[in-house]
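All remarks here apply to the structure that follows.
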Number of protein chains: 2
Amino acid sequence: MATIKDVAERAGVAPSTVSYVLSGSRRISEDTAKAVRAAIAELGYHPRASARTLRSARSEVLVLAVPRESGKYRAMDGRFAIEISDAARGHGYDLLMMTEPDGVDGLLRIARSGLADAAVLMAVAQADPRVAALHELGFPTALLGHGDGREESGVSWVDLDWAAAVALAVHETAAAGHRRMVFWASADHEIEARRGYALHGLAGARTAAAETGADVRVQPSAADPALLRGRLRAALMAAPAPTALIVQHLIPLPLLLAEVAALGLRVPQDLEIVLVGSLPDEPGGPALPRIDLPVGQMSAAVAGLAVEAIGGAAPRHELIAPRMAESQGVRPPGGPADRPAPVPRMETQNRCD
Amino acid sequence: MATIKDVAERAGVAPSTVSYVLSGSRRISEDTAKAVRAAIAELGYHPRASARTLRSARSEVLVLAVPRESGKYRAMDGRFAIEISDAARGHGYDLLMMTEPDGVDGLLRIARSGLADAAVLMAVAQADPRVAALHELGFPTALLGHGDGREESGVSWVDLDWAAAVALAVHETAAAGHRRMVFWASADHEIEARRGYALHGLAGARTAAAETGADVRVQPSAADPALLRGRLRAALMAAPAPTALIVQHLIPLPLLLAEVAALGLRVPQDLEIVLVGSLPDEPGGPALPRIDLPVGQMSAAVAGLAVEAIGGAAPRHELIAPRMAESQGVRPPGGPADRPAPVPRMETQNRCD
DNA sequence: TCGATTCGACGAACCGATTCGACGAAGCGC
DNA sequence: GCGCTTCGTCGAATCGGTTCGTCGAATCGA
């Protein structure tokens with residue numbers, strides 16, 4: 001493996017000159033620069049990251065804390081990881097994955113070893129111990145999600161406004177004429193873990209219920225399919241029957257849809273279903289009214305905030321306003337007057353693999 | 001930030017002694033070791049990764065090349081990334097994500113900078129340029145997937161035996177009494193990119209067709225939903241009508257199922273559906289006969305092979321034999337005699353969130 | 001023509017660990 | 001009591017870059 005010394009020798013210059021040609025931090029004559037570049041190309045030279053990092057105290061790496069709860073996997077997490085990696089590269093940073101179950105130890109290890117310059121935390125919870133630990137270390141951090149906004153005032157974050165998103169869904173549903181609806185919230189374990197999106201979603205449902213005067217029954221989801229099925233059945237069969245189901249916990253959506261079908265309920269005539277926080281380009285999902293999770297926007301933002309934090313910028317907070325996807329609005333109780341729809345149609349997507 | 005020198009000073013020893021206490025590569029008296037450990041704890045010392053790497057030429061990092069085709073996103077990629085990260089940590093390695101669209105440049109940059117000690121490549125294709133480039137560099141590499149097995153003889157890989165998997169599906173389907181079936185292969189662009197799984201799946205279908213004498217029509221899938229729908233409709237409506245559909249391209253599965261329903265076909269009486277491979281998190285997917293993709297096993301294996309390769313071990317190849325999932329066998333044409341099943345039941349999963 | 005300024009390149013210190021050779025003290029046999 | 005080995009520790013070289021101070025040569029104005 002060629003070193004900067006080899007390049008310098010071949011080009012007939014000092015190692016420092018090679019370094020200056022590469023970094024551009026001092027003027028070097030065009031002739032010399034050309035010779036150096038030729039030597040670099042001939043030797044296939046690439047600077048050793050460790051040497052550069054050792055001297056400059058910059059690794060050009062971000063570490064991403066991926067949530068990992070006992071074997072559970074959320075499709076969103078992988079998607080975010082990939083998009084954040086793309087965004088980080090756009091800033092000249094590589095992305096290291098940190099998937100240790102309890103992220104605190106792993107993050108401290110990475111932070112104190114200097115392997116990364118900043119951390120990006122996913123699935124932030126209220127009073128998240130990772131935030132406190134990194135803050136104590138003075139380690140640049142950006143959060144994907146937020147808790148109650150107080151303990152994170154010293155740290156940058158970006159989040160979909162989940163409270164507003166659920167509230168928007170309730171308002172739109174009420175505006176379409178629905179008076180009784182079920183809000184299918186995050187799962188028990190997410191609420192217990194005090195994940196920001198779970199708590200904010202619940203708060204948004206309560207606020208919007210009060211504002212619209214609609215009858216909104218809040219029902220947490222469950223990880224266990226049997227339990228989930230039982231709760232859903234109870235919620236939908238209650239009298240008077242709800243005419244709309246607003247779903248934040250999307251992972252078991254196929255199961256929800258199947259159960260709705262098994263109960264003999266037609267969508268949307270007997271029951272309208274509104275999704276909150278769906279991935280924007282899932283091929284072949286049913287064409288339901290929904291509020292998309294802006295994965296690309298959030299990923300780009302959080303990577304940018306992490307890079308800013310490395311530069312010592314003051315913390316910033318981005319709360320993204322929810323928007324209804326344009327493809328499909330909430331349909332009134334009894335379904336649209338113009339066409340029967342016994343089977344939900346599948347929509348087209350340009351991003352399906 | 002404390003350095004090894006600070007620790008040495010506080011403990012009243014030489015820096016080298018601290019290093020030996022940490023690495024254990026020389027005997028140090030228990031008294032001295034205790035003093036050093038105390039100093040480390042008091043100062044919150046952690047060795048700088050860059051200094052260690054510079055000296056030892058080992059970064060303890062693997063780089064994972066995640067396939068990235070022009071904005072397309074495959075749900076399984078994130079799942080594999082997370083599981084491989086877990087497996088790598090089990091060997092003491094961290095995982096760096098490489099998501100640049102054309103992986104070759106990015107991989108070479110990481111490899112030559114010494115940021116990682118080995119590479120793991122996903123979605124390997126026949127004559128994959130990444131394999132050749134890394135091999136030329138002498139960079140330790142392990143592949144998830146394989147091409148035709150010739151050009152990769154110098155590199156370790158692990159793969160599900162896709163040919164055997166599809167063949168098994170055809171055999172089981174034929175054994176259940178089906179004589180006419182459609183094999184729904186990988187999408188056009190995957191076949192054009194000569195991805196190993198796509199080509200091997202096609203080969204397995206042809207072999208098994210000859211072996212069983214069944215009428216197996218091979219139909220590649222498509223990324224475009226309209227195109228896909230048209231092909232599916234043509235394949236299912238052809239005379240004589242097929243009684244089974246074997247699906248390798250699972251990503252648009254909801255769309256496939258909806259189209260089958262829209263054609264008025266009942267599963268399994270009119271059309272049995274057999275799945276080859278898995279989706280990342282499908283709690284509540286329909287209980288169809290399937291051959292699972294062993295994600296955990298493959299991830300652990302590929303991480304292990306990469307670590308082995310760093311140690312200079314000879315390349316090894318693991319071809320995993322396919323197994324039918326136990327939950328549900330292939331049902332005969334006309335459906336099971338004992339019970340009608342107008343709506344496919346949803347199955348339970350222990351891995352659902 | 002001479003002193004002041006600018007330009008381009010060099011040399012050496014430095015970042016923080018690892019690791020090898022060396023060395024003093026203690027333990028051993030005779 | 002003397003030489004030899006063993007044990008525990010130290011000091012210094014080393015990995016490969018970056019960066020600051022310096023210095024000779026060229027350029028400039030008076």
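Numbers restart at 1 for each chain; the letters A, B, ... are given by sequence-line order, proteins then strands.
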State the CG-OG1 distance between D86(B) and T99(A), to the nearest 0.5 angstrom.
-> 4.0 Å
Atom CD1 of I28(B) to atom P of dC7(D): distance rounded to whole Å?
-> 13 Å
Check whether the side chain of R52(B) and the base of dT18(C) form a donor-acceptor pair under 3.5 Å.
-> no
Does dT18(D) have OP1 or OP2 sitting under 4.0 Å from an N or O in the side chain of S19(A)?
-> yes
Answer yes or no: does a side-chain N or O of Y45(A) lie under 4.0 Å from OP1 or OP2 of dG17(D)?
-> yes
Here the distance between atom P of dG17(D) and atom CD of E60(A), to the nearest Å, is 15 Å
Whole angstrom is fine here: how far is it from OH in Y20(B) over to C1' in dG21(C)?
-> 9 Å
Does S29(B) make a side-chain N or O approach to OP1 or OP2 of dT9(D) shorter than 4.0 Å?
-> yes
Distance below 4.0 Å between R27(B) side-chain N/O and dC7(D) OP1 or OP2 = no
Of R55(B) and R26(B), whose closest DNA chain D nucleotide lies nearer the 5' terminus?
-> R26(B)
Give the rounded distance in Å between these two atoms: NZ of K5(A) and C1' of dA12(C).
-> 12 Å
Could you check how far NZ of K34(B) sits from P of dT9(D), rounded to whole Å?
-> 13 Å
To the nearest angstrom, how far is L115(B) atom CG from dG16(D) atom P?
-> 16 Å
